[in-house]
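For ligands, and for the atoms within them, numbers begin at 1 and follow the listed sequence. This chain uses plain numbering: 1 for the first residue, then up along the sequence. Just the heavy atoms: all of them, side chains too, but no hydrogens, waters or symmetry mates, feed the values below.
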Amino acid sequence: MRIAIVGTGYVGLVSGAFFADFGHHVTCIDKDAAKIAALQRGEIPIFEPDLDRLVQNNVKNGRLDFVTDLAASVREADAVFIAVGTPSRRGDGHADLSYVYAASKEIAAAVDGFTVVITKSTVPVGTGDEVERIIRETNSSADVAVASNPEFLREGAAIRDFKFPDRIVVGTEDERARKVISEIYRPLYLNKAPVMFTGRRTAELIKYAANAFLATKITFINEIADLAEKVGADVQEVARGIGLDNRIGSKFLHAGPGFGGSCFPKDTRALVKTAQDHDAPMRIVEAVMAVNETRKRAMGRKVASVFGGNLRGKTVGVLGLTFKPNTDDMRESPSIPLITALQDLGAKIQAYDPEGMEQAKTELLNIVYCDGPYGCAAGADALVIVTEWEQFRALDLDRLKQEMACPVIVDLRNIYRADEVTAKGFRYESIGRNSQNAGV
Ligand SMILES: NC(=O)c1ccc[n+]([C@@H]2O[C@H](COP(=O)([O-])OP(=O)(O)OC[C@H]3O[C@@H](n4cnc5c(N)ncnc54)[C@H](O)[C@@H]3O)[C@@H](O)[C@H]2O)c1
């Protein structure tokens, strides 16, 4: 198969590298000339564990290349994936489909012979219909089938997720498209990955329903955590106690500072908008968004409460800036409103993140960036753990205490045991774990 992928971001690059690894010939296309030039030099523009090796191997064996010009590779392709961004539209929260539609026009002008156009970007229900309409309007002789194939990979674990997906969802009613897409994913069939063929609109809705459900699960346990703190219960034990019930499941039940990232915030917003437009409002998801939004600044007040609500003159060290570990992605990270809230309360911020500091510099101002966790603790009145990077899980507490002006740890990911931290002489606050039990 010859595959062209339009948009070489997280999804486009990971998918492209895997399709090449499956034995197909893949060209990844992007408008961003600097990104393509970097990839052509062998540099990977994002941090994703093991992606570099996968890309390099497939470039070396001649199955993967990178270009800015769409026309030539689309002309030769059996399948064209659209993997451009679908951020929230400014002002109303709908998905901004301008990149998808612009790509569709360019693809329409270039296709030659039967071509399957597959939307991998997360797009609202009905977008496939519009992509098809645009292609037919732009090029009435184009022989295309438009399918939906939403992507479920998680940043930070994208390689594993692509190789061992829980399922592959393909939305198409076109038999020729079904054949081509089945051929593309054949190696995963052999891995026994469940492949689900559905109508195009159903596939589009599956993606939003999945993300909204996961966002709901996180928000639910966050509210249980707040209640647990008030009533003297331990949210981690509650999560385990409910998660062992197969009907509930243990994943996505970790209480924390609220969800962020490149998908959940924008996808919940877009789903709510779609639902409103169809007079089928999604009150649960609306509540999830509202609860999550207020939570991030509330975490700033939680830190301040250790000092009687005022952080004037205090220095706060922030460990972890990205929205989750193993990525450099700062999009809608909860660290952004949290740090702004701390600054509003008067704190000076020093921060460290293993991979996210370059991106953070464009989002967060007036921060001292440090070269490691101990540098981040130096002179600090409190250390706040925002992202649970592996390297933060076993810090030398004696050394931290020596570095800090005041031994206070606020652990927003519950990665430490309260008794161990307090035994070292720290004041320790965490999420949804009773402070008396925590020995504070
Ligand atoms: N990031 C994730 O973990 C993830 C997971 C599942 C689904 N998705 C969805 O996949 C889509 C892409 O997400 P991403 O995180 O990879 O985005 P991204 O912003 O990292 O990458 C998108 C790329 O598309 C390029 N682009 C835009 N218009 C183009 C055009 N006309 N021609 C060529 N290139 C063009 C941009 O320059 C950019 O490099 C989104 O809809 C997202 O919701 C993302």
For the residue pair [X] and [Y], confirm or rule out a side-chain donor-acceptor distance under 3.5 Å.
{"X": "Y10", "Y": "R331", "result": "no"}
{"X": "N149", "Y": "Y185", "result": "yes"}
{"X": "E355", "Y": "T322", "result": "no"}

Aromatic plane relationship, F162 with F18 - under 30° parallel, 30 to 60° tilted, over 60° perpendicular: parallel
Under 3.5 Å donor-acceptor, D411 side chain and I415 backbone: yes
Tabulated below should be the N or O atoms of ligand 1 paired with protein N or O atoms at under 3.5 Å; can you produce that?
from: ligand 1; atom 1: 1 (N); to: E155; atom 2: OE2; distance (Å): 2.7
from: ligand 1; atom 1: 1 (N); to: S262; atom 2: OG; distance (Å): 3.4
from: ligand 1; atom 1: 3 (O); to: E155; atom 2: OE2; distance (Å): 3.3
from: ligand 1; atom 1: 15 (O); to: R331; atom 2: NH2; distance (Å): 3.0
from: ligand 1; atom 1: 16 (O); to: Y10; atom 2: N; distance (Å): 3.0
from: ligand 1; atom 1: 16 (O); to: V11; atom 2: N; distance (Å): 2.9
from: ligand 1; atom 1: 19 (O); to: R331; atom 2: NH1; distance (Å): 3.4
from: ligand 1; atom 1: 20 (O); to: Y10; atom 2: N; distance (Å): 3.4
from: ligand 1; atom 1: 34 (N); to: K31; atom 2: N; distance (Å): 3.3
from: ligand 1; atom 1: 37 (O); to: D30; atom 2: OD1; distance (Å): 2.6
from: ligand 1; atom 1: 39 (O); to: D30; atom 2: OD1; distance (Å): 3.3
from: ligand 1; atom 1: 39 (O); to: D30; atom 2: OD2; distance (Å): 2.6
from: ligand 1; atom 1: 39 (O); to: K35; atom 2: NZ; distance (Å): 2.6
from: ligand 1; atom 1: 41 (O); to: T86; atom 2: OG1; distance (Å): 2.6
from: ligand 1; atom 1: 41 (O); to: T122; atom 2: N; distance (Å): 2.9
from: ligand 1; atom 1: 43 (O); to: T122; atom 2: OG1; distance (Å): 3.3
from: ligand 1; atom 1: 43 (O); to: K266; atom 2: NZ; distance (Å): 2.6

Among V26, N57, I3, L39, side chain to side chain contact (heavy atoms under 4.5 Å, CB included) partner for L64: V26
